[in-house]
Amino acid sequence: MRNGEIKRVLVKFSGEAMAGANGFGIDSEILRYIAGEIKLLVENNIEVGIVIGGGNIIRGVTASAGGIIRRTSGDYMGMLATVINAVAMQEALEHIGLDVRVQSALEIKEICESYIYRKAIRHLEKGRIVIFGAGTGNPFFTTDTAATLRAVEIGADMIIKATKVDGVYTKDPNKFEDAKKLDVLSYDEAMQEHIKVMDDTAIALAKDNRLPIVVCNMFREKNLLEIIRDNAGICSIVK
Ligand code: GTP
């Protein structure tokens, strides 16, 4: 962060978000919408890294639940799914004239670049969006952890977890009327079982590196830009 100004961010989208109402696969309207929100950031000179989950295509843990697919293989399948989402998002962003590079933690050189941290930073400095695919390249790590790791590596000023809700609540707001939104939480509060902003590994990594985690509603138009510009964006922040 330079002079308190947010210059570089990592935005994490869940794979499920890509599916829209279909619940599976990739919804082109959602892709178009997200691309438009990211474009606003680029137009405001914010450097953007993106991580997308893979749950709209395959969930590692669920795939292994039937007992046929081992957890490790299920997780690798999930990593491949994130690359599919990354390529789809690259297409959507390029479609509206943005410059994008996909870097994968697993080498798939016919499809995209491999993850090289110094190269990722050069791309960002040149105003290119970098989408990080294939998680951390290791099983047993979530895409939230991968996103936090990449955010720390590229020196992002914050990680934004773009979700379907407008922040962190004391309880599930869909089930409990008395659920209260928490505007600011500590890392330790964010790790509590009933809150669980991200998994413990991701939060511990953010805490160790003093990386603020913002949780926000991706479907509120201009929310990402407003949050970064501090213009009444709606969100919760863990710091
Ligand atoms: P500069 O070094 O700033 O010119 O960056 P650049 O990314 O434009 O140059 P480069 O020649 O590295 O890449 C040109 C295009 O090829 C970009 O779209 C890259 O994403 C792509 N590219 C680079 N390396 C690989 C790779 O290993 N595999 C795949 N599939 N594409 C690559």
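Just follow the structure's listing: the first ligand is 1, and inside any ligand the first atom is 1. Note that the structure is a prediction, hence the values are computed from the model and not measured.
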Heavy-atom contacts with E110 under 4.0 Å: which atoms of ligand 1 show up? List them by number with element.
30 (N)
Would the distance check show the side chain of E189 and the main-chain N or O of S186 forming a donor-acceptor pair, the cut-off being under 3.5 Å?
yes
Would you confirm whether any non-hydrogen atom of the protein falls under 4.0 Å from atom 3 (O) of ligand 1?
yes
Close-contact set for ligand 1 against I111 heavy atoms, below 4.0 Å
30 (N)
Taking the side chain from D172 and the backbone from N174, do they hold a donor-acceptor pair closer than 3.5 Å?
yes
Option passing side-chain contact (heavy atoms from CB on, under 4.5 Å) with N223 (candidates V214, I160, I228, N217):
N217
Is the shortest distance from a Lys or Arg side-chain nitrogen in D166 or R220 to a carboxylate oxygen in the other one below 4.0 Å?
no
Measuring from atom 23 (C) of ligand 1, which candidate in E113, K119, H123, E125 has the nearest non-hydrogen atom?
E113
Which option, K109, R122, E94, owns the non-hydrogen atom nearest atom 30 (N) of ligand 1?
K109
Using a strict 4.0 Å threshold on nitrogen-to-oxygen distance, state whether E226 and R229 make a salt bridge.
no
Taking the six-membered ring of F176, is the NZ or CZ of K171 close enough (under 6.0 Å from the centre) and on axis enough (within 45°)?
yes
Any protein heavy atom nearer than 4.0 Å to atom 15 (C) of ligand 1
no
If we only count N/O pairs under 3.5 Å, is C112 in contact with ligand 1?
yes
According to the interplanar angle, ranging from 0 to 90°, do the rings of Y33 and F219 count as parallel (below 30°), tilted (30 to 60°) or perpendicular (above 60°)?
parallel
Atom 5 (O) of ligand 1 - nearest protein heavy atom and its distance:
R128 NH1, 3.0 Å
Determine if the distance from atom 10 (P) of ligand 1 to the closest protein heavy atom is below 4.0 Å.
no
Could you check which of E107, K126, Q90, R101 puts a non-hydrogen atom nearest to atom 8 (O) of ligand 1?
R101
